[in-house]
Amino acid sequence: MDIPKTYDPQQAEERHYARWEAQHCFAPKINRDPHAPVYSIVIPPPNVTGSLHMGHALQHTIMDVLTRYHRMRGYRTLWLPGEDHAGISTQIQVEKQLRKEGLTRHDLGREKFVERVWQWREEYGGQIIKQMRREGASVDWSRRRFTMDENLSRAVREFFVRMYEKGLIYHGEGMINWCPKDQTALSDLEVEKEAQSGQLYYLQYPVKGGGRRVTVATTRPETMLGDTAVAVNPNDERYRDLVGATIELPLTNREIPLIADEYVDPEFGTGAVKITPAHDPNDYEVGLRHNLPQVEVIDAHARMTEDAGAEFAGLDRYEAREKVVAKFAELGLLEKAVNYEFSISKCGRCRTVIEPLVSTQWFLKQAELGRSALELIKEKHEPRFVPEVPYEKVFTNWLENLHDWTLSRQLWWGHRIPAWYDEAGNVYVARNEDEARAQAGTNQLTQDPDVLDTWFSSALWPISTLGWPDATQDLKTFYPTSVLVTGRDIIFLWVSRMMMTGLEFVGEKAFDDVFITGTIFDKHGQRMSKSKGNGVDPLDVFDKYGVDATRLVLAQMESTDTRWNDTQVEAYRNFANKIWNAARFCLLNSEGATVGQGFEGEPATWALHERWIMSRLNQTAQKVGDAIENYRFHEAVQTIYHFFWDDFCDWYIELSKTDVTAADATTERAAARSRVLTVLEQALRLLHPFMPFITEELWLQLPGVGVSQLHPAYRDAEPTVMLAAYPQARAELIDERAEAEMQSVIELISRVRSIRSELGIKPGEEIELLVGPARNGQSGVFTPGVMAQVMRMTRASKFSVKEAMTPDVVPRASARAALAGGVEVAVPLGGLIDFAQERERLRREQEKLHTESERLAAQLSNQNFVERAPAEKVTELRQRVADIAQRTHALEQMQEALTAE
RNA sequence: AGGCUCGUAGCUCAGGGGUAGAGCACUACCUUGACACGGUAGGGGUCUGCGGUUCAAAUCCGCACGAGCCUACCA
């Protein structure tokens, strides 16, 4: 058999994914058990314009681990893939494309433009979804969904109409966030606050009659052109006499009132605030309270309007700012300008500074819709957030403070608002135009030109992908979904809204659990971003280290923010190679062997290392299954890693080598080989959810694997490790005594190796071992079989068990060590030994024990400890003290023996 | 302005009331027939600081300092 010494991930990855997909292993229907429990996940739909980044890879890894684990446990498992239509982003992409042809969307017209967008999606869209094959994501491709699919669009209209009928959606005027670049309204959540250092300008406004001036402070002087009042706090003594006065607004020929409103904080600035109801959310509210006119001085392109005055009309808002400030300075009305830190709102997509504008839009009263979600989280703690702290609280706080959601977007790509207007401007909201006509009693209707926020359709994702508004079998089977895995940035934007729609329309929560992943930063702790160019491309990492290794790193991050570091991936690449070579050893020595055999009969009849590895394996299975089910992926990964490398490779394979590599093809050799293969096969199953490719690559090569290893639910399927039963711990094979005994064997071997190393005995040089005293129970572990193993592992040519380790049996020129449980070991060294050096070595050993013993003694002499600590704790410490005393005594004797001439 | 998270070995991170852990890096030795992407043996930490609770604190509670995140209409 020819197996390369180094694992090549790439060639395995493609082959197996294609095969799994062809055999429909990812679809729930592969499960033939009609009573199988259900496990379902819907993917957070990535933006159709995007490509895979580390955040996706992280989320997908966790979803895939959960999916593969539950599938192997026999669940009817669905992981549903798809993407959203990303209204603004997609439209921008396509417009960019058109611009290269010298066209705008208006040249094409709406219908042709939308056609172009669909074309674009076919050609360039859904990159991430395609890249998921590379990740090994076991998604059901037959159920791939897109928010613009016909049924999902129908769900959107249904959502809209029902909310309108309930009075939760309304059409009206409000202060909205407007992006002057993208030319659309945005919801609060699509706006990002950014710290800004700028200036606070103190402007003086003359009071009509009497020559007084009122000073107002502002960061946006250009908006003064649209001021319709100056406000002060009604209790502010400084201005009390001026309330009701008239201000002559500079640079305009308008006169505005000085009003009193509680909103004004007398402590801040000058205590007098300019009020621009058309361009500031707070001023808008003040304006409504005082019936102030709204003077629009900035237009949708963030340029000054005619109403700003002839001098300013047409200027950009920032040019206007400079000019206003200059004019005030000229007039002697600029009191001062001071440096000032404040925050500005930017478009989450294009980073353009938002312009607050008064506009007529569609809104959803989220507060009412969110009430049942709020009750559920507060009363039943559902869904269960992982980690619970701090996300349950964050989520609850959000639901308690819901504002109306601006739904309409001035775009062409998206779900068009199902509202029609007649010639008189009356609005009819309906599921389709025919219904609207019926309502209106006329055919002369025009549909609202706007589309809905992309998140409006995403809000329905768990139910619409499963068939809602129809009561489909999928909806019945897979809803509520088992878990939602996502990043913390969209808890409000998305998670909360899915909870709301699920409860509203299906009457059940959208998911049992919500797992929030951490954020991956670059190695300097900076957030990865395209603009900074510091992103690590997961595909590059896959190429360099393999998908399995990358997944292992991602899985163990759990919810912790982490700086990306290639060395971790390299470590797991090395682990993959270790697995490969362990399997290589097993396969190169597999003649006559069969997986699943070799462990016949009573465990009591097995050799110590067999009982031990089976105990370790079952402990591991227990711990790993438990860890995965509780989202403790780090623990799961560490546990398997440790089992595979330390227990299986370093000890079990090494201890089995003599039997496995025996020259003669005896039944004993075949049995030993089968046992090693059996443990390997179980380990591969344990690893599979994390490392799907290498486990499949190796598993298929093991002699004797087939349908009998598959979970009973998949009996009709082709053999594959992904449908094998996930190992369940067998309690009867967990053997504490075997583990303790093995521990003393390991200790003996380690101590002898230590002696070799510390005394500089050449690796090739053979030594002799004396172990005793034999009357002590512990040394009974050293059966002839174990002795042979110890000799092999320490390169010893002789191993004698002695009744007593007295000077007459142990040569003076020996290196010695005192082990736990009273066992002593001596390595006779003849003339090679340096007596002084060996004495020093023993003395250091004794010193270590002494330090520990001192600490224990202090603890045990504390009355309070003995009385109040749990009895078992006290007993444990006493035993340790006794053991240390015994070893210390042994060390003393050894030193004496060395000294005796 | 509130709220939250984090501070553990040189680096990246686990852990979490009762002998400080991993990977990488480091030191020495080893081309031993699975693996040098390896093996064996080692070195390295008053778990940010100060108080408190406790028989016992890296772990729980305050406070301070440092890093970061989120919410909020303060001109």
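Values below: all heavy atoms of this structure, side chains included; hydrogens, waters and symmetry mates excluded. Letters go in sequence order (proteins before strands), and every chain restarts at 1.
A/Y545 comes within contact range of no nucleotide atom at all, as no heavy-atom separation falls under 4.0 Å. Within 4.0 Å (heavy atoms only), A/V389 reaches sugar-phosphate atoms of the nucleic acid but no base atom. Residue-level contact check: A/E654 touches the bases, meaning some heavy atom is under 4.0 Å from a base atom. At the heavy-atom level, A/T6 lies under 4.0 Å from base atoms of the strands shown.
The shortest non-hydrogen separation linking A/A636 to A/V624 is O-CG2, 3.9 Å.
Of the side-chain N and O atoms in A/K578, none sit less than 4.0 angstrom from OP1 or OP2 of B/rG38. The side chain of A/W645 contributes no N or O atom lying less than 4.0 Å from OP1 or OP2 of B/rC37. Contact between the side-chain N/O atoms of A/Y340 and the OP1/OP2 oxygens of B/rA75 is found at a separation under 4.0 Å. Taking side-chain N and O atoms only, A/R573 has no distance below 4.0 Å to OP1 or OP2 of B/rC37. Taking side-chain N and O atoms only, A/S750 has no distance below 4.0 Å to OP1 or OP2 of B/rU40.
As a whole-Å value, the separation of A/I490 CD1 from B/rU71 P is 13 Å.
A salt bridge is absent between A/D522 and A/R527: the closest approach of a Lys/Arg side-chain nitrogen to an acidic carboxylate oxygen does not fall below 4.0 angstrom. Salt bridge A/R488/A/D561: present, at least one basic N to carboxylate O contact under 4.0 Å.
For A/K657 against B/rA34, a side-chain N or O and a base N or O form a donor-acceptor pair under 3.5 Å.
At distances below 3.5 Å, at least one donor-acceptor pair connects side-chain atoms of A/R673 with backbone N or O atoms of A/N589.
Among residues two or more places apart in sequence or in another chain, the salt bridge (charged side-chain N to carboxylate O under 4.0 Å, His left out) test is passed with A/R563 by none.
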- [ ] Using a 3.5 Å limit on both pairing distances, list the dot-bracket string of RNA chain B from the 5' end; Watson-Crick and G-U wobble pairs count, crossing pairs take [ ], interstrand pairs take |.
- [x] (((((((..((((....[..)))).(((((.......))))).....(((((..]....))))))))))))....
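Relative to the ring axis of A/F385, A/K393 does not place its NZ or CZ within 45° and under 6.0 Å from the centre.
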